[in-house]
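Here the structure is a predicted model, which means the values were calculated and not measured. In what follows, chains carry the letters A, B, and so on, assigned in the order in which the sequence lines appear, proteins first and then strands, with residues in each chain numbered from 1.
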There are 2 protein chains.
Amino acid sequence: MPAATNPTNHDHAHCIADALTRADALCAERGARLTALRRQVLELVWTSHRPRGAYAILEDLSQREGKSAAPLTVYRALEFLVEQGLVHRLESLNAYIGCAAPGAVHSGQFLVCEACGNAVEIDDPRIRAAIDTIAAERGFQVDRPTVEVRGRCTDCQEKTP
Amino acid sequence: MPAATNPTNHDHAHCIADALTRADALCAERGARLTALRRQVLELVWTSHRPRGAYAILEDLSQREGKSAAPLTVYRALEFLVEQGLVHRLESLNAYIGCAAPGAVHSGQFLVCEACGNAVEIDDPRIRAAIDTIAAERGFQVDRPTVEVRGRCTDCQEKTP
DNA sequence: GCCGCCTACGTTATAAAATAACATCATGCC
DNA sequence: GGCATGATGTTATTTTATAACGTAGGCGGC
């Protein structure tokens with residue numbers, strides 16, 4: 001797992017700022033409305049490099065606003081962010097994570113550490129190629145491939161070998 | 001998608017009988033207890049080649065028994081069946097499907113048709129190899145890879161081209 | 001056989017994740 | 001300003017999953 005996902009050895013504020021800047025740019029370019037609410041939800045998704053549940057985000061949002069928000073508020077914002085490719089949903093965790101490279105082609109591949117909870121996006125063409133090959137052999141038309149690999153990241157292997 | 005998953009052109013009763021026979025054999029071999037309840041849940045999972053939700057199975061079970069069963073009853077049976085590799089859970093659907101080749105090595109790969117709902121297990125070594133390669137490059141230790149490809153099966157492409 | 005142990009099953013309650021239906025508000029366009 | 005469209009608020013409900021605790025049933029040791 002890249003060092004950047006270890007919260008102790010990188011400037012995470014920079015990750016967040018970066019993500020927001022890119023989101024602003026992408027949405028402006030597309031004419032999509034990154035409203036204050038959506039932007040705030042995006043920021044909360046980026047709280048860490050661990051996938052976050054909708055209700056965790058909801059709690060943070062409620063605290064920030066000083067009043068309790070409704071689940072739908074968050075789900076709608078997340079839906080927008082996923083559509084725009086700014087956020088991915090991790091199916092096996094029912095959780096959301098900020099996209100490392102919005103704007104680029106995505107096939108949604110992740111390495112998820114079961115020890116620290118960090119998830120790293122790996123848009124690797126070889127996995128995608130393998131999937132496309134098998135699908136083609138079987139006449140299956142690929143729409144949305146999901147790859148979520150559970151295991152242990154380098155850092156966590158070192159901690160408990 | 002193989003013809004065998006098209007419910008109109010294969011003897012599905014045979015699929016079910018086969019699955020139960022293999023389950024009996026595997027559990028006997030391992031000393032695992034495939035109780036009447038677990039066997040019945042396995043049968044209900046095999047109702048079709050479509051992944052089924054726990055609550056759908058629960059309903060069927062209640063109907064068969066003539067009294068309403070509790071969710072936990074089904075979840076516990078499913079947990080056992082998944083542990084034994086007789087059933088797989090499709091993370092992206094919150095649903096369960098019978099394993100086509102229990103006893104063999106599994107890496108949990110599926111082609112899921114969004115039109116007809118059928119899911120086919122494809123334990124393809126090339127996908128697995130690609131995942132292992134990338135993981136090795138990043139020092140990530142793979143535990144449980146999940147591959148769920150959404151799209152359209154051959155049959156459904158023909159129906160609405 | 002009988003006892004004790006471990007595992008499976010039953011029951012009730014509750015948590016967690018997601019959506020439905022409908023009302024209201026904001027924003028951009030003319 | 002007025003209107004259309006899309007975003008947000010509000011309330012209720014559905015779907016999925018687990019917790020906590022008690023009972024029963026099979027299996028091995030003796």
Side-chain angles (χ1 to χ4, degrees), chain A residues 23-24 27-28 30-45 50-84 86-97 117 146 148, chain B residues 23-24 27-28 30-45 50-84 86-97 117 146 148:
Chain A
D24 287 334
C27 287
R30 294 173 183 163
R33 288 164 64 182
L34 186 61
T35 63
L37 175 64
R38 290 166 172 175
R39 206 168 182 280
Q40 197 164 18
V41 169
L42 178 59
E43 193 179 346
L44 291 171
V45 168
R50 284 184 291 282
R52 303 199 78 198
Y55 280 74
I57 293 164
L58 179 61
E59 252 183 57
D60 286 1
L61 188 64
S62 298
Q63 203 170 357
R64 277 205 187 178
E65 301 289 299
K67 59 176 178 180
S68 77
L72 254 180
T73 304
V74 168
Y75 277 106
R76 282 196 284 225
L78 287 171
E79 189 188 3
F80 169 86
L81 295 169
V82 168
E83 269 169 12
Q84 297 297 323
L86 298 166
V87 162
H88 293 294
R89 177 182 153 80
L90 279 142
E91 304 288 351
S92 61
L93 296 171
N94 296 330
Y96 301 81
I97 191 166
T146 299
E148 297 177 12
Chain B
D24 286 333
C27 288
R30 292 174 183 165
R33 290 162 64 183
L34 186 61
T35 64
L37 176 65
R38 288 166 175 175
R39 204 167 182 280
Q40 197 164 19
V41 169
L42 178 59
E43 194 181 344
L44 291 171
V45 168
R50 283 185 291 282
R52 303 198 78 199
Y55 280 75
I57 293 163
L58 178 61
E59 252 182 58
D60 286 359
L61 188 65
S62 298
Q63 204 169 357
R64 278 203 187 180
E65 302 288 299
K67 60 177 180 181
S68 78
L72 254 180
T73 303
V74 168
Y75 277 106
R76 282 195 285 224
L78 287 171
E79 189 186 3
F80 169 85
L81 296 169
V82 168
E83 270 170 11
Q84 296 298 324
L86 298 167
V87 162
H88 293 293
R89 178 182 155 79
L90 279 142
E91 304 289 350
S92 61
L93 296 171
N94 296 330
Y96 300 83
I97 192 167
T146 299
E148 298 176 11

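- Axis orientation changes by 30° from one end of the helix from C/dG1-D/dC30 to C/dC30-D/dG1 to the other, with each end axis drawn from 5 pairs and the value rounded to 10°.
- For the pair A/Tyr75/A/Phe80, no side-chain contact is recorded, criterion being any heavy-atom separation below 4.5 Å from C-beta on.
- Protein chain A contacts DNA chain D from D/dG6 to D/dT11, reading 5' to 3' and using non-hydrogen atoms of the protein with a distance under 4.0 Å.
- The CD1 atom of B/Ile57 sits 12.5 Å away from the OG1 atom of B/Thr73 when rounded to the nearest 0.5 Å.
- For the pair A/Asp24/A/Arg39, a side-chain contact is recorded, criterion being any heavy-atom separation below 4.5 Å from C-beta on.
- No side-chain heavy atom of A/Val87 sits under 4.5 Å from any side-chain heavy atom of A/Val41.
- Within residues 57-70 of chain B, no residue has a heavy atom under 4.0 Å from DNA chain D.
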Handout entry: Test side chain to side chain donor-acceptor pair (under 3.5 Å) applied to B/Thr146 and B/Glu91, step by step
Key = CA-CA 8 Å; B/Thr146 299; B/Glu91 304 289 350; 5.2 Å; no
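- Annotation for A/Leu93 and A/Pro51: closest pair CD1-CG, 3.7 Å, computed over non-hydrogen atoms.
- With sequence neighbours excluded, the residues satisfying side chain to side chain donor-acceptor pair (under 3.5 Å) with A/Arg30 are A/Gln84.
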Fill in the blank from the handout: Expected string for nucleotides 22-30 of chain C under the B/S/- scheme (protein heavy atoms, under 4.0 Å, primed atoms plus P, OP1, OP2 as sugar-phosphate) is -----S---
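- Side chain of B/Arg38 to backbone of B/Arg33: a donor-acceptor contact under 3.5 angstrom is found.
- If you find the closest nucleotide of DNA chain D to A/Arg38 and to B/Leu72, the one lying nearer the 5' end belongs to A/Arg38.
- The pair A/Arg64-A/Glu59 fails the salt-bridge criterion, with no side-chain N (NZ, NE, NH1 or NH2) lying under 4.0 Å from an Asp/Glu carboxylate O.
- Between C/dC9 and B/Thr73, no contact under 4.0 Å exists linking OP1 or OP2 to a side-chain N or O.
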With the criterion being N/O to N/O and under 3.5 Å, what pairs connect the protein with nucleotides 15-18 of chain C, and how long is each?
{"unit_1": "C/dA17", "atom_1": "N7", "unit_2": "A/Tyr55", "atom_2": "OH", "d": "3.2"}
{"unit_1": "C/dA18", "atom_1": "OP1", "unit_2": "A/Arg89", "atom_2": "NH1", "d": "2.6"}
{"unit_1": "C/dA18", "atom_1": "OP1", "unit_2": "A/Arg89", "atom_2": "NH2", "d": "2.9"}
{"unit_1": "C/dA18", "atom_1": "OP2", "unit_2": "A/Tyr75", "atom_2": "OH", "d": "2.8"}
{"unit_1": "C/dA18", "atom_1": "O5'", "unit_2": "A/Tyr75", "atom_2": "OH", "d": "3.4"}
{"unit_1": "C/dA18", "atom_1": "N7", "unit_2": "A/Tyr55", "atom_2": "OH", "d": "2.7"}

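- The CZ atom of B/Arg50 sits 10.0 Å away from atom CD1 of B/Ile97, with the distance rounded to the nearest 0.5 Å.
- A/Val74 and A/Ala54 make their closest contact through CG1-O, 3.6 Å (heavy atoms, listed as atom of the first residue, atom of the second, distance).
- Although no hydrogens or angles enter the test, the distance criterion places no donor-acceptor pair under 3.5 Å between the side chain of B/Ser68 and the main chain of B/Ser62.
- Nearest heavy-atom pair across A/Ala23 and A/Leu42 is CB-CD2, 3.4 Å.
- Atom CZ in B/Arg30 sits about 18 Å away from atom P in C/dT7, given to the nearest Å.
- Between B/Leu72 atom CG and B/Leu58 atom CG the span is 10.5 Å, to the nearest 0.5 Å.
- Side-chain atoms of A/Tyr96 and A/Arg52 include no donor-acceptor pair closer than 3.5 Å.
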